[in-house]
J.: 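What follows is a structure written as structure tokens; I'll ask about it next.
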Amino acid sequence: MDFGYSEEQRMLSDSVVRLFAGKETDVWAACCQMGLAGALVPEEFDGMGGLGIDGMVAALEIGRNLAVIPFLSTAAVGMQAVNLTGSKAQKAKWLPQIAEGHLQVSIAFEEPGARYDLDHLETQAVGDGDGYILNGRKSVVLGGDLADLIIVAARLDNGVKLFALDAGAAGITRTDYALTDGRGAADIALHDVRLQGDALLGDGAAVMAAVYDLGAAMIAAEALGALEKIIAMTAEYLKTRHQFGQPISNFQVLQHQMADMAVAFEHMKSLVFEACDLAMSKDAVSRAQAVSAAKILIAEEGRQICQHAIQMHGGIGVTDEYDLGRFVKRVTVAEFAFGDADHHIARYGKHLADTADD
Amino acid sequence: MDFGYSEEQRMLSDSVVRLFAGKETDVWAACCQMGLAGALVPEEFDGMGGLGIDGMVAALEIGRNLAVIPFLSTAAVGMQAVNLTGSKAQKAKWLPQIAEGHLQVSIAFEEPGARYDLDHLETQAVGDGDGYILNGRKSVVLGGDLADLIIVAARLDNGVKLFALDAGAAGITRTDYALTDGRGAADIALHDVRLQGDALLGDGAAVMAAVYDLGAAMIAAEALGALEKIIAMTAEYLKTRHQFGQPISNFQVLQHQMADMAVAFEHMKSLVFEACDLAMSKDAVSRAQAVSAAKILIAEEGRQICQHAIQMHGGIGVTDEYDLGRFVKRVTVAEFAFGDADHHIARYGKHLADTADD
Amino acid sequence: MDFSLGAADLAFQQEVRDFLKAEFPPELAAKSAAEIRFKKEDYDSWQNILARKGWIAPAWPVEHGGCGWSPVQQNIFDEETFAIGAPRVLPFGIRLVGPVVYTYGSKAQKARFLPGIVSNETYWCQGFSEPGAGSDLASVKTTAVRDGDNFVVNGQKTWTSYAHYADWIFCLVRTDPGVKKQLGISFLLIDMKTLGISVRPIRTLDGDHFVNEVFLDNVIVPAENLVGEENKGWGYAKFLLGNERTGIAGVGMTKADLVRLRHIARTEKRNGRPLIEDPLFQARLARLEIDLRALELTNLRMLAEGAQGAFPSILKIRGSQLQQRSVELQMDALGPYALPWQADAMEPAWNGEPVGPDYAKARAPAYFDRRKTTIYGGSTEVQKNIIAKTMFGF
Amino acid sequence: MDFSLGAADLAFQQEVRDFLKAEFPPELAAKSAAEIRFKKEDYDSWQNILARKGWIAPAWPVEHGGCGWSPVQQNIFDEETFAIGAPRVLPFGIRLVGPVVYTYGSKAQKARFLPGIVSNETYWCQGFSEPGAGSDLASVKTTAVRDGDNFVVNGQKTWTSYAHYADWIFCLVRTDPGVKKQLGISFLLIDMKTLGISVRPIRTLDGDHFVNEVFLDNVIVPAENLVGEENKGWGYAKFLLGNERTGIAGVGMTKADLVRLRHIARTEKRNGRPLIEDPLFQARLARLEIDLRALELTNLRMLAEGAQGAFPSILKIRGSQLQQRSVELQMDALGPYALPWQADAMEPAWNGEPVGPDYAKARAPAYFDRRKTTIYGGSTEVQKNIIAKTMFGF
């Protein structure tokens, strides 16, 4: 049993910290140069072959530093979708490009009205000679505004398949926008999009959940990093802010709220660690339960921490000029991306009920 | 709009207060003498013809004084079951006896495994000449340990009927016990109980809900009275108790917990008032929504108040020798009798969803 | 006990409804329904209608141009106007400075300032909060030094709502720095056009601009603009802060929020069923409706029984919490479409096409905006201190 | 990072399981399953088995008869014994006074007292709390006045768990009333059979008797029973209170509670379906399981990383809350059968027939009993004070 970073993880963490502390103009390019884009890419495809915990090491720093980079969309979930479903040739084509930072990839699994239900899939693929024709709509595709390659889930005959679409292909309409935390996304409409046969990656059903779980774990880790900063900022603010002739950290009610935050944070941290540890595991049940557990705490207790932090800051906490709000918005995005609390509690609870032993 | 007691309610309240403050050896007999047993009995049957709010006036004092008397079982729900379903002759036979305090009546609606669902009814009545034969089991019948008359719900042919059973009838087996707050109850088994034809009161389906709602409103009012005392006791305790060289009421965390209690209490009080105001209303929908609303707050926020009160008392709060626990146990019984929080939230929510306007 | 409105109040309610039906501008109703942010011209348009009708100052005595309505009538009016989505009447003249002027002002001040408020010609803003003061309102650092017939004012105010709309500002200023902080404060009325005043916008978490910093740099204020006595300003401020009784719970606003919430919950789906039928969401919605009903009744109890003791604080605490929970649950109802940030789509000038359902754009901004409700107007923490004081009698 | 047990720990876990399978008395297992309250003979029977095996003092150094296990091993042992429903080893000798004696006691005291503890011959109780002291443990009023080779002790202790089983009591006594309260306290070991000691039972909300008042009336205690130095007792007490690190979170107990809870939730029905499938109940159960997993991992993190800073307080707070929530949800799972009060049915001597399902009788008593967990051993409020201190660095 060991809850510390390995030597490699420590090095990765230090590099990311240094990079974010610097004044890079193109942060993602610098990240790619130090290997972050390939952190989770298998070694045989020019990556570092990292696992979920290695991804977490990066995600924590991304959250702590409010970095807006396509690590999650491209280097984690986009990469994993290709890696889990692609043929040897497809992987050889795309994964090294991802690792080098030359290709941005997004997953487009969710659809309007699906509300996190990956089985709710109306996008249709039909055979067309050697290739396929796709029609459908995808919603809130993270990184979809900048993606070069979009991994789309669609029904083909009676199965669910993943396809790799060139973002510039005819028939694709993107509506780009920013999320609450500033990262880009897009709604995507597919109208008679024609694909070559080699755009078919493979079976989607089980893989979608695996990819989605990795995304949930990574964004939970980002939120954990942001929450750590929120708690530290709030403690610091209470110490320096004076009211009624004393630092407001003297007020017992505020002291206890800080203590509540600390209690919640340490427990959340444990679950995020476990979720990330299992985020690339093939054991779908353990992975799903651990990821849902972490995601629920982030959504529920993370939100609580954010609300209390704003409250304890008072007026300054609700201004857009003060950094607190940016961290809070980062956590809020993590609440709603890759399944909200109710989605995960239902998934976790169903498994609990189905498997309760007697 | 007027939220104060009427002249009559003030008098009723004062009488009950005086009575409980006295040293009566037979409290219920004294209550009956002052008319409490007949407070809700229609005037034509020798009662005071009071409504839900009048019942509340009494129930509040019962809760404040931890009185163990069959007001709820006999004078409220037992009376109301007879009153709403009985023929003129049946009412003339039983209601004056109730009003005089010569008859204790309990309702036996719920059954093992029904979990507050009044439609879950397995007790069977079959015709037998001019009369009926009953078989079934009833659970947690409030006041069932001392009842002279038991109003039983049973299926007859395709309908649900209420029957009035003499508690001493052959075939009735009672298992008596005390509830957490000291009031008596019984589980009742009915094995080939033979009834005369005039034991049939009438249709049960709609009436059961009305009677049950009255019970829920009254026990919520009892709990409100108990909670008022709990809050007052706690405030008093904090003022007198010294620790670290000062009264512990100086600690801001405890001050804010008391404030939370006050906020919860005033809002609960408003809903209990409304629930009792509508508790004998024929408008089944308004009554049900108001009663469920009050019952939910009592169960959820009432429990919170109890837990915080114990916590703020520290060690003394968990001893059986100190009065606090008796009040807390009274509230706990009110949480589970006549439907728990989940029962009422489901009922309230279902109506909300069914009737949401667009 | 009687929970229903009496005949006179019912008739009043009908009168209000008839008036609103006849006079509330359809273009404001449309803006409200589409959640387009109201601007000065919108407030103006509605407040002018109310002023013409003589209904702009519900709580003021009739002699000063007010309605002289009872608290119950004021509450009816509040709820009815909120229900149709009317802009709230900006409170700074009507609810805040007006009563101070007619209670403590000189005859000349009454004649000068009150007509402009009830005719909706003069917009006011409130210069109480200062940087770093927070809940400690009496720690006023802005100074006013007597210089002949004038005061010279220097300092900074913050969280000044709608200062950019305002013609006048009412300020707490320190006129005696040598005494206990509550004793050296005066209450001064200042023309916003005076030389030396500048306004800097503060953008809030929802991306909107309604609060400002106000800088006062050697601002010359005629001494005749001093309200009441010098160094007695803290008393007037406490009067002002304690004066607002109806509307403290925000019942009307939260009711309107719940209408929207139910609409969203019927429209959104989870597992193919309307969200309102999802047991977890339904339970939360039910719980919120129940708490709102409790708040509404408790508010009515205060109106009927008088705003004594801890009552106003109790309503402020729960009322502000429900104002937060209602928009929080609206946001939760969206699921993935809570993610796009579309605050710009709430601006009248915006002409793009929002993504997701039409009610999505305002949800996250509303959630962030409402965090303020437990902070301003006496934070939840301050209100709890007050309640504890009444409970422990110290 | 590695979340799993290493090979050596897995082997140890297997050894513990094998031992428990072979040695845990079936009659205790039956009592535990039937929720019959353990009495002295039950504790005795199990603790004798552990003592014979040499496993009664997991954290003690081997030289004093302990196991010398690592924190992780101690945790494994805790969890395994809780899982089978074994009585917890009463902590007063093993966990509390023992380490004080072997750390601060004289050679003679070690020789005299430690063997009785590891052989399970001597039962101890803890004389710290006094009436009216609450969380202010240092406000000791019980006095010990030197009289030749003896102390004469007068005072009263309260919340003294299992004083009625105890042969000895370790007491905080005031030996110098003239100094700051923490500086005048001594740590005294007193034979419960000494003249002048009387024990009065206190019944708790669950109807059980395990705590007591202990009255000390001119009790003569040989000075050789003073641990360490006179007036240094507060330091030993703090050592004792801070010494308990494994088990602080109560993970094993709550895990066992959840096994029972799941059983109840599968058995009880709502609307004809198992309660565990009811969405609201299932969500609460899931939430509790998740919080327990978080607690378990956080506890392991502390064992691996060391019990520094606020860690023990964090675990105490959350651990005690989950101990409460688990029995609360068990009670809620019953519905109407939460109402009958059947605490007597938990007594070994009772021979009636409880009403409702067999698991009903202990639910309400357990709910009330567990309210103590956030009060004793450093209340939640005290723990939060400690956490805040570490966060603000004062």
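Chain naming here is simple, since letters A, B, ... match the order of the sequence lines and numbering starts at 1 in each.
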J.: Applying ring-ring contact (aromatic ring centres under 6.0 Å, His included), can you list everything that pairs with B:Phe251, at least two apart in sequence or on another chain?
T.: none
J.: Please check if any side-chain donor atom of D:Tyr337 sits under 3.5 Å from a side-chain acceptor atom of B:Asp187, or the reverse.
T.: yes
J.: What part of D:Leu275 lies closer than 4.5 angstrom to a heavy atom of chain B: side chain, backbone, both or neither?
T.: side chain
J.: Against chain D, label B:Glu335 side chain, backbone, both or neither, depending on which of its atoms sit under 4.5 Å from a heavy atom there.
T.: neither
J.: With a 6.0 Å cut-off (strictly less than), is the heavy-atom count around CZ of B:Arg326, excluding the residue itself, greater than 12?
T.: no
J.: Could I get the full list of ring-ring contact (aromatic ring centres under 6.0 Å, His included) partners for B:His344, not counting sequence neighbours?
T.: none
J.: Would you confirm whether B:Asp340, through its side chain, and D:Gly335, through its main-chain N or O, come within 3.5 Å as a donor-acceptor pair?
T.: no
J.: Strictly below 4.0 Å, N to O, side chains only: are D:Arg203 and B:Glu321 in salt-bridge contact?
T.: no
J.: Go through the atoms of D:Ser139 and report whether side chain, backbone, both or neither lie under 4.5 Å from a heavy atom of chain B.
T.: neither
J.: Search all heavy atoms of D:Asp332 against all heavy atoms of B:Phe336 and return the closest pair with its distance.
T.: OD1-CZ, 3.4 Å
J.: If the threshold is 4.0 Å, N to carboxylate O, is there a salt bridge linking D:Asp278 and B:Arg115?
T.: no
J.: When you measure from the side chain of B:Thr180 to the backbone of D:Leu339, do you find a donor-acceptor pair of N or O atoms at a distance under 3.5 Å?
T.: yes
J.: Side chain of D:Lys372, backbone of B:Gly314: donor and acceptor closer than 3.5 Å?
T.: no
J.: Could you tell me which residues satisfy side chain to side chain donor-acceptor pair (under 3.5 Å) with D:Arg325, sequence neighbours excluded, listed by chain and number?
T.: D:Asp291
J.: If I measure from the heavy atoms of chain D, does B:Tyr177 come under 4.5 Å with its side chain, its backbone, both, or neither?
T.: side chain
J.: Tell me, for D:Gln342 versus chain B, whether the close heavy atoms (under 4.5 Å) come from the side chain, the backbone, both or neither.
T.: neither
J.: So for B:Ala178, is it side chain, backbone, both, or neither that comes closer than 4.5 Å to the heavy atoms of chain D?
T.: backbone
J.: Would you please go through residues 233-243 of chain B and name the residues with a non-hydrogen atom below 4.5 Å from one of chain D, in numerical order?
T.: B:Arg241, B:His242, B:Gln243
J.: Do side-chain atoms of B:Gln307 reach the backbone of D:Arg371 as a donor and acceptor pair under 3.5 angstrom?
T.: no
J.: Between B:Ile345 and D:Leu280, does the side chain to side chain contact (heavy atoms under 4.5 Å, CB included) criterion hold? Intermediate values first, please.
T.: CA-CA 10 Å; B:Ile345 205 107; D:Leu280 293 183; 3.5 Å; yes
J.: When you check the gap from the basic side-chain N to the acidic O, do D:Lys269 and B:Asp117 get nearer than 4.0 Å?
T.: no
